[in-house]
A.B. asks: 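I have a structure I would like to understand better, so I am pasting it below and will then ask my questions one at a time.
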Amino acid sequence: GAKWTYDGPQGQDHWSQHYPYCGGALQSPIDLKSDLLRFDPTLRPIEVQNYNLSPNEQLTLGNNGHSVQLSLSPTMSISSLRNRYTAAQLHFHWGSPSRPAGSEHTVNSKQYAAELHVVHYNSDKYPNISTAVDKSDGLAVLGVLVEVGMFNPAFDHILKFINRIMYRDQKVKVPAFNIRALLPTRLDEYYRYDGSLTTPPCYPSVLWTVFRNPITVSRQQFLTLAATLYSSNAQDSASMSLSNNYRKTQPVDNRLVLASFKE
Ligand SMILES: NS(=O)(=O)c1cc(-c2ccccc2)cc(-c2ccccc2)c1
Ligand SMILES: [Zn+2]
């Protein structure tokens with residue numbers, strides 16, 4: 001579709017001109033405010049299957065001009081939801097080298113350095129992700145907040161190849177690794193709400209699970225993520241850095257935001 005950006009004339013305040021859902025209801029991300037949350041004791045720990053991929057398997061790491069994304073094996077899934085959701089891809093949103101604040105969801109207005117999204121589709125109901133992407137029960141995304149702290153060995157399985165996909169539309173095959181190591185230790189503490197894709201076309205088709213506990217990456221790892229990629233392609237004379245690729249928080253309106261834990 002038409003090209004969109006996070007800032008400027010095609011920036012997020014204008015997305016709804018070409019993508020009407022972006023101006024509609026059930027939009028993501030949101031600010032996860034304590035006084036909005038409702039503790040829900042029926043929310044079970046998230047259970048994932050086959051996240052521990054073999055290094056013999058290869059995944060595609062790519063720069064799509066808006067994020068760095070990694071294709072995932074269709075053997076991976078979330079098994080603890082009403083339907084089975086099969087993994088499709090993961091990608092990140094981040095700030096900039098000078099401002100390590102680029103998460104999409106915020107917690108009591110605190111913005112984290114970055115955010116990881118692991119995108120799954122309802123494979124009980126839909127044959128593939130393209131048919132699922134605009135259905136109200138189509139997608140389930142796991143959101144992981146990222147803060148700067150201890151070095152993260154799992155994150156390096158992606159970072160060590162990032163200089164091969166500096167420009168838009170570049171892709172590279174990489175060895176698979178244990179994707180579970182990118183998630184926080186505790187999968188029983190999370191926020192849950194009905195929302196949308198945080199990029200155009202902003203379909204209100206996502207069951208959001210944002211884990212309470214962030215993962216950490218080292219400052220050097222964050223800088224590598226935030227300072228290496230371009231949103232322009234290799235031929236473009238003027239290179240545009242890929243940074244601050246996060247959508248601002250959206251109105252919650254009368255949505256219920258659930259928590260699987262008591263504060
Ligand atoms: N941020 S997100 O989780 O809502 C999201 C989901 C999907 C997505 C991916 C596959 C199937 C269905 C939805 C794609 C993107 C995306 C990010 C950057 C550039 C373009 C698209 C973002
Ligand atoms: Zn995302």
Side-chain angles (χ1 to χ4, degrees), residues 1-7 10-12 15 18-19 21-22 24 26-30 59-74 76-78 85-95 102-106 111-123 125-146 158 165 167-171 179 182-183 190-211 215 225 229-233 240 242-250:
K3 66 184 190 321
W4 52 270
T5 61
Y6 283 94
D7 217 345
Q10 274 95 12
Q12 53 189 284
W15 287 354
H18 295 283
Y19 303 96
Y21 285 109
C22 298
L26 303 185
Q27 292 298 288
S28 294
I30 60 172
L59 304 174
T60 302
L61 185 70
N63 174 343
N64 59 25
H66 305 279
S67 181
V68 52
Q69 75 179 51
L70 182 68
S71 68
L72 296 175
S73 164
M76 292 170 57
S77 68
I78 301 170
Y85 285 79
T86 295
Q89 54 112 294
L90 66 79
H91 61 271
F92 295 86
H93 303 266
W94 58 87
S103 68
E104 297 208 300
H105 291 91
T106 55
Q111 191 175 24
Y112 287 77
E115 188 167 333
L116 159 65
H117 290 155
V118 192
V119 183
H120 305 71
Y121 73 96
N122 186 336
S123 45
K125 289 199 169 176
Y126 307 106
N128 54 52
I129 198 147
S130 308
T131 36
V133 71
D134 62 347
K135 308 298 187 295
S136 59
D137 57 356
L139 303 180
V141 181
L142 301 181
V144 183
L145 299 164
V146 181
I158 292 172
I165 54 162
Y167 296 100
R168 182 191 194 106
D169 298 334
Q170 290 185 325
K171 292 181 164 54
I179 306 295
L182 284 177
L183 304 183
Y190 54 86
Y191 306 97
R192 164 65 52 74
Y193 75 98
D194 290 324
S196 73
L197 296 183
T198 66
T199 63
C202 307
Y203 295 131
S205 60
V206 181
L207 180 68
W208 276 100
T209 299
V210 179
F211 291 110
I215 60 168
L225 174 66
L229 301 171
Y230 294 103
S231 58
S232 47
N233 57 44
M240 300 270 295
L242 178 45
S243 60
N244 296 313
N245 57 342
Y246 63 89
R247 190 185 193 185
K248 289 185 286 223
T249 51
Q250 305 295 307

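Read the numbers this way: they start at 1 and go in the same order the structure lists the ligands and their atoms.
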A.B. asks: Please give me the minimum heavy-atom distance between L139 and Y85, naming the atom from each residue.
C.D. replies: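 In this case the closest contact between L139 and Y85 is C-CE2, 3.7 Å.
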A.B. asks: Look at ligand 1 and say whether H93 reaches it with a heavy atom at a distance under 4.0 Å.
C.D. replies: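 A heavy atom of H93 does come that close to ligand 1.
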A.B. asks: Measuring from atom 5 (C) of ligand 1, which candidate in H91, E115, H117 has the nearest non-hydrogen atom?
C.D. replies: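 It is H91 whose heavy atom sits nearest to atom 5 (C) of ligand 1.
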A.B. asks: Check the angle between the aromatic planes of H117 and H91 and answer parallel, tilted or perpendicular using the 30° and 60° thresholds.
C.D. replies: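 It falls in the perpendicular class, over 60°.
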A.B. asks: Out of curiosity, L197 CG to R247 CZ, how far, rounded to the nearest 0.5 Å?
C.D. replies: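 These two atoms lie 9.5 Å from each other.
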A.B. asks: Let me confirm one number: the OG1-CD1 distance from T198 to I30, rounded to the nearest 0.5 Å.
C.D. replies: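 Spacing of OG1 (T198) from CD1 (I30) equals 12.5 Å.
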A.B. asks: Please state whether the rings of Y203 and Y21 are parallel, tilted or perpendicular, taking 30° and 60° as the class boundaries.
C.D. replies: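 The arrangement is perpendicular - the two ring planes meet at more than 60°.
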A.B. asks: What protein heavy atom sits nearest atom 8 (C) of ligand 1, and how far off is it?
C.D. replies: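 I find the closest protein heavy atom is V119 CG1, 4.1 Å.
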A.B. asks: Kindly report the NE2-the Zn ion (ligand 2)-NE2 angle for H93 and H91 respectively, rounded to 10°.
C.D. replies: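 Rounded to 10°, it measures 100°.
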A.B. asks: For the residue pair Y6 and H66, does the interplanar ring angle fall in the parallel (under 30°), tilted (30 to 60°) or perpendicular (over 60°) class?
C.D. replies: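 Correct class here is perpendicular.
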A.B. asks: Using heavy-atom distances, let me know which of E104, H66, Q69, Q89 sits nearest atom 9 (C) of ligand 1.
C.D. replies: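 Closest candidate by heavy-atom distance is Q89.
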A.B. asks: Looking at H117, pick out the N, O or S atom nearest to the Zn ion (ligand 2) and give its name.
C.D. replies: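 Distance check against the Zn ion (ligand 2) picks out ND1 in H117.
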A.B. asks: With a 4.5 Å heavy-atom cut-off, do V146 and Y112 have their side chains touching?
C.D. replies: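 Contact flag for V146/Y112 side chains = no.
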A.B. asks: To which of L142, I129, L197 does the heavy atom nearest atom 11 (C) of ligand 1 belong?
C.D. replies: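 Comparing heavy atoms across L142, I129, L197, the nearest one to atom 11 (C) of ligand 1 lies in I129.
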A.B. asks: Using a 4.0 Å heavy-atom threshold (strictly under), name the region of V133 that reaches ligand 1: side chain, backbone, both or neither.
C.D. replies: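 Contact part for V133 vs ligand 1: side chain (C-beta onward).
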A.B. asks: Between T199, T198, N245, which one has a non-hydrogen atom sitting closest to atom 1 (N) of ligand 1?
C.D. replies: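 Result: the heavy atom closest to atom 1 (N) of ligand 1 is in T198.
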